[in-house]
Amino acid sequence: MQSNERREREREMRDAGRLPPGQSLTLKWPVLHVGSVPLFAPTTWDFRVFGLVEEQLRLSWEELCKLPQSEVLADLHSVSRWSRFDNRWGGILATELMKRVTLRPEARHVMIHGENNYTANLPISDFLLPTTVFALRHDGEPLTAEHGYPLRLVVPNLYGYKSVKWVRGIQFLDRESPGLWEFNGFHIYGDPFKEQRSSS
Ligand SMILES: Nc1nc2c(c(=O)[nH]1)N[C@H]1C(S)=C(S)[C@@H](COP(=O)(O)O)O[C@H]1N2
Ligand SMILES: [Mo]
């Protein structure tokens, strides 16, 4: 039975220290976002790197797809208390993208921009972790529209609201500036293992 299997895997993950406090394991994959799923227009789509960089970068869909790709195996922890384990994300590592960018010395934080003005903030040190990936695929399949097709950021060490679906750009800043959910009361950093859900 699904619920027995779920409980068993949940215990396994808890024993392995992989289940953050207050979370429960899901075998399904919930869909969670504000607004509607945007349409993808490959000819006009672009990805922009701007803000505190020596030179801005603009990649077309075709150019982005030519960047070297890797796989990251990681867990996804939503602030709404579900965790999905062992997701195999295929795409472009943040560190790979950043080989094409020179930061200005005062850059400290990065604002992630998604379609429909969704934003999320994180420190550059987290952005540059080897587990941060701009994913095109999940478990070997292209992302579905509702999970972020064509491109989503995945930041496995922080709550899911940092893993911006339908990502279109990143902006480097010299200070911590709240994104959409951080502005609306979610924790500015969002470490699931410290249960940093809200800012109060
Ligand atoms: N563009 C965008 N990305 C988003 C969100 C959103 O509302 N818009 N929600 C975030 C939240 S809170 C979570 S938990 C994850 C959920 O990803 P999933 O829907 O693929 O499970 O997406 C994140 N990325
Ligand atoms: Mo979430």
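Remember, predicted model here, so these are calculated numbers, not experimental data. All ligand and atom numbering here is 1-based and tracks the order in the structure.
- Under a 4.0 Å heavy-atom criterion, Phe186 is not in contact with ligand 1.
- Taken to the nearest 0.5 Å, the CZ atom of Arg137 stands 6.5 Å off from the CD atom of Glu71.
- At least one donor-acceptor pair closer than 3.5 Å links the side chain of Arg100 to the backbone N or O of Glu96.
- Looking from atom 6 (C) of ligand 1 to the surrounding protein, the closest heavy atom is Tyr118 CE1, 3.2 Å.
- Scanning the protein heavy atoms around atom 23 (C) of ligand 1, the nearest turns out to be Gly160 O, 3.2 Å.
- Side-chain N/O atoms of His33 and Lys165 include a donor and acceptor closer than 3.5 Å.
- Residues near Phe50 contribute nothing to a hydrophobic cluster around it, because no ILVMFWY side-chain heavy atom sits closer than 4.5 Å to its side chain.
- The aromatic rings of Tyr161 and Phe186 sit perpendicular to each other, their planes meeting at more than 60°, with 30° as the lower class boundary.
- For ligand 1, the polar-atom distance check against Val79 finds no nitrogen or oxygen pair separated by under 3.5 Å.
- Looking at Glu115, Arg152, Arg84, His33 and measuring to atom 17 (O) of ligand 1, the nearest heavy atom belongs to Arg152.
- Of the protein's non-hydrogen atoms, the one nearest atom 24 (N) of ligand 1 is Ser163 O, 2.9 Å.
- In this comparison of Arg81, Lys165, Glu146, the heavy atom closest to atom 1 (N) of ligand 1 sits on Lys165.
- Between atom CZ of residue Phe134 and atom OG1 of residue Thr132 there is a gap of 8.5 Å, rounded to the nearest 0.5 Å.
- With respect to atom 9 (N) of ligand 1, the closest heavy atom belonging to the protein is Leu32 O, 3.3 Å.
- Ser78 counts as a contact of ligand 1, since one of its heavy atoms falls under 4.0 Å from the ligand.
- Protein heavy atom nearest atom 7 (O) of ligand 1, with residue, atom name and distance: Val34 N, 2.8 Å.
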